[in-house]
Amino acid sequence: MKKSLLIAALAFGVMSASAQDQAIATPRFVDNWSIGVDGGVVSPLKGHSFFQNMRGAWGLHLDKQITPVFGMGVEGNVSINTSTVNGGVSNKLAFDNLYVGLYGKVNLFNLFCGYHCKARYFDIDAVAGAGWGQAIRKSNQGGDWNYFQTTVGLNFNYNATENLTISLKPRVNFNMTDGNWDNTSCAYDVHGASFQLFASVSYNINPGFTCVRPYDQAEVDALNARIADLQGQLDGCNAACNDWQAKANALAAELAACEARKAVVKEVVTNNNNSVRYVFYKVGSSKITSDQQPNVEMIAAYLKNHPEAKVVIKGYASPEGSLELNQKLAAARAESVKTSLVNKYKIAADRITAEGEGIGHMFEEESWNRVAICTLENAK
């Protein structure tokens, strides 16, 4: 008997540990409770007429499903003396037996098929328990007596809804106490056992388990490293964004200052005497065209014929385009005449002054203001 109890205890421990290895979130204390009403019949298993000595019984139970596989509970039941078992007198209004005990149960479907995060419509529990019993007898039968009882059986459960379960519970109860009665024994002897069949209705309070995905430490470390890398990339992007924003702000400030700056217009005094020559240009160009080359040649000839003479070249631009562009274009036109005089006609550079004057307003015809005005000095 002791060996059988030890094996049963080890089996429950292994089943419970197996349930704990499931990928299930730890439920709250208030989750997975059930309370129910039991009703049925009980009769001696051996040594007496089974159906003749059958009597009605009912009870209550309260249990908690600790894991999808393993649960524990407490139950109590009474049987009504409606038979003459053991020579007693039949009395339909009196109890002849009381029992209160603890039990453990293992969901066989979840144990062998796994829990898939949702309760099945039908499942089976293996149940084992132990507790205190009291046989109620009249004084002429020796009076009441207490005994230790173990019970094994199955629960056939139909989960009608998430909160309602209907069960059929066949059990075998063993009287383990040697009280010198004919129906007692210290061993698992069927002659001292009874068969019990209950139908049960249970209400489930906060039922169900939450499935979670387990992560090993290596995977967690890899995810943390990835998060750190992405955070570093984000910080780099933020720094680059701030840098470009600062540049954009600087350019915006420069543009605002440029727009607020007033154009500088130089007053040009025209000179119509013979010491002035003009070199005209095409729009946007500082290149001396072939039709303007004779004017440059006339200036070079004059400087060769008058060694003491010098020339001042001032470049202008018409008002099309931006002020800065026209200022550069005006300087380039003056420089193009100087370059031609020095390189082509071998005039000394120190006899030539070339400078840009920006936008010109000498002529009413705007296209004429794209010009380099060459003024000969010390001419006789």
Side-chain angles (χ1 to χ4, degrees), residues 240 242-380:
N242 293 335
D243 183 52
W244 284 111
Q245 188 61 50
K247 291 180 179 179
N249 292 338
L251 289 173
E254 186 178 347
L255 176 61
C258 183
E259 291 175 345
R261 186 172 60 197
K262 294 182 179 180
V264 178
V265 180
K266 294 184 179 180
E267 184 177 355
V268 178
V269 179
T270 60
N271 189 340
N272 293 322
N273 58 31
N274 294 328
S275 62
V276 177
R277 293 293 181 268
Y278 301 90
V279 180
F280 294 96
Y281 296 85
K282 292 183 178 181
V283 61
S285 175
S286 61
K287 181 179 179 181
I288 302 173
T289 58
S290 58
D291 62 320
Q292 297 299 311
Q293 195 63 44
N295 295 330
V296 179
E297 187 174 352
M298 291 175 63
I299 297 169
Y302 184 86
L303 291 174
K304 288 182 178 181
N305 293 331
H306 302 83
E308 74 284 5
K310 296 182 179 180
V311 64
V312 177
I313 306 169
K314 295 185 176 183
Y316 299 90
S318 57
E320 296 91 351
S322 66
L323 177 61
E324 291 184 0
L325 176 61
N326 284 323
Q327 287 177 334
K328 293 179 181 179
L329 191 57
R333 285 168 176 168
E335 191 64 30
S336 69
V337 177
K338 178 179 179 180
T339 301
S340 180
L341 291 172
V342 172
N343 294 341
K344 187 174 181 178
Y345 299 101
K346 309 304 178 183
I347 304 300
D350 59 353
R351 298 176 63 191
I352 305 169
T353 301
E355 55 190 10
E357 294 296 320
I359 298 174
H361 298 281
M362 295 75 65
F363 307 101
E364 292 182 359
E365 179 60 41
E366 293 293 348
S367 63
W368 293 6
N369 290 312
R370 297 192 288 270
V371 65
I373 300 177
C374 306
T375 303
L376 298 167
E377 297 181 349
N378 298 326
K380 295 182 182 179

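Predicted, not measured: the structure shown is a model, and the values here were computed from it. Numbering starts at 1 and runs along the sequence shown.
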Chemist: Tell me if a side-chain donor or acceptor on Ser285 pairs with a main-chain N or O of Tyr281 at a distance below 3.5 Å.
Modeler: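 Pair absent, no side-chain N/O of Ser285 close to backbone of Tyr281.
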Chemist: Is it true that the side chains of Ser322 and Glu324 contain a donor and an acceptor less than 3.5 Å apart?
Modeler: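 Not at all, the side chains of Ser322 and Glu324 share no donor-acceptor pair under 3.5 Å.
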Chemist: So do Gln292 and Lys282 actually touch side chain to side chain, heavy atoms under 4.5 Å?
Modeler: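 Counting from C-beta outward, Lys282 and Gln292 never come under 4.5 Å.
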Chemist: Do Ile347 and Lys304 touch side chain to side chain, with heavy atoms closer than 4.5 Å?
Modeler: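 When only atoms from C-beta onward are counted, Lys304 and Ile347 do touch, with a gap below 4.5 Å.
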Chemist: Please check: side-chain N/O of Arg333 versus main-chain N/O of Tyr316, any donor-acceptor pairing under 3.5 Å?
Modeler: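 Flag set: sc Arg333 to bb Tyr316 pair under 3.5 Å.
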Chemist: Would you check if Leu341 and Val311 make a side-chain contact, meaning some heavy-atom pair closer than 4.5 Å?
Modeler: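 In short, these two side chains touch, coming nearer than 4.5 Å.
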Chemist: How close do Ala372 and Ile313 get, counting heavy atoms only, and between which atoms?
Modeler: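 Result for this residue pair: CB-CG2, 4.2 Å.
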Chemist: Drop me the distance from Thr375's OG1 to Arg277's CZ, to the nearest 0.5 angstrom.
Modeler: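 Reported to 0.5 Å precision, the distance equals 10.5 Å.
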Chemist: Can you measure from CG (Leu323) to CD1 (Ile359) and round to the nearest 0.5 angstrom?
Modeler: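 The distance works out to 5.0 Å.
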Chemist: Can a donor-acceptor pair be found, under 3.5 Å and without considering hydrogens, that links the side chain of Ser336 to the backbone of Ser286?
Modeler: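 Side chain of Ser336 to backbone of Ser286: a pair is present.
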Chemist: For atom CD of Glu364, is the number of surrounding heavy atoms from other residues, nucleotides or ligands below 6.0 Å larger than 12?
Modeler: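 Open.
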Chemist: Any idea how Phe363 and Phe280 line up, ring-wise: parallel (<30°), tilted (30 to 60°), or perpendicular (>60°)?
Modeler: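 Correct class here is tilted.
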Chemist: With side chain to side chain contact (heavy atoms under 4.5 Å, CB included) as the test, would you mind laying out the steps for Val296 and Lys344 before giving the verdict?
Modeler: CA-CA 10 Å; Val296 179; Lys344 187 174 181 178; over 6 Å; no
Chemist: Just so I know, are the side chains of Ile288 and Val337 near enough to count as touching, which here means a heavy-atom distance under 4.5 Å?
Modeler: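 Yes, their side chains come closer than 4.5 Å.
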Chemist: Find out whether Val312 and Glu377 are in side-chain contact, i.e. whether some heavy atom of one side chain is under 4.5 Å from a heavy atom of the other.
Modeler: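 Yes - at least one pair of side-chain heavy atoms lies under 4.5 Å apart.
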Chemist: With rounding to the nearest 0.5 angstrom, report the SG to CD1 distance, Cys374 to Ile352.
Modeler: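 Separation between the atoms: 9.5 Å.
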Chemist: I want to check something: taking the side chain as every heavy atom from C-beta on, are Glu357 and Ile373 in contact at a cut-off of under 4.5 Å?
Modeler: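 A side-chain contact is absent here, since even the closest heavy-atom pair is not under 4.5 Å.
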Chemist: Quick one: does Lys314's side chain get under 4.5 Å of Glu355's, heavy atoms only?
Modeler: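 They are in contact (side-chain heavy atoms under 4.5 Å apart), so the answer is yes.
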Chemist: Looking only at side chains, do Gln245 and Asn242 share a donor and an acceptor under 3.5 Å apart?
Modeler: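 Asn242 and Gln245 do not have a side-chain donor-acceptor pair below 3.5 Å.
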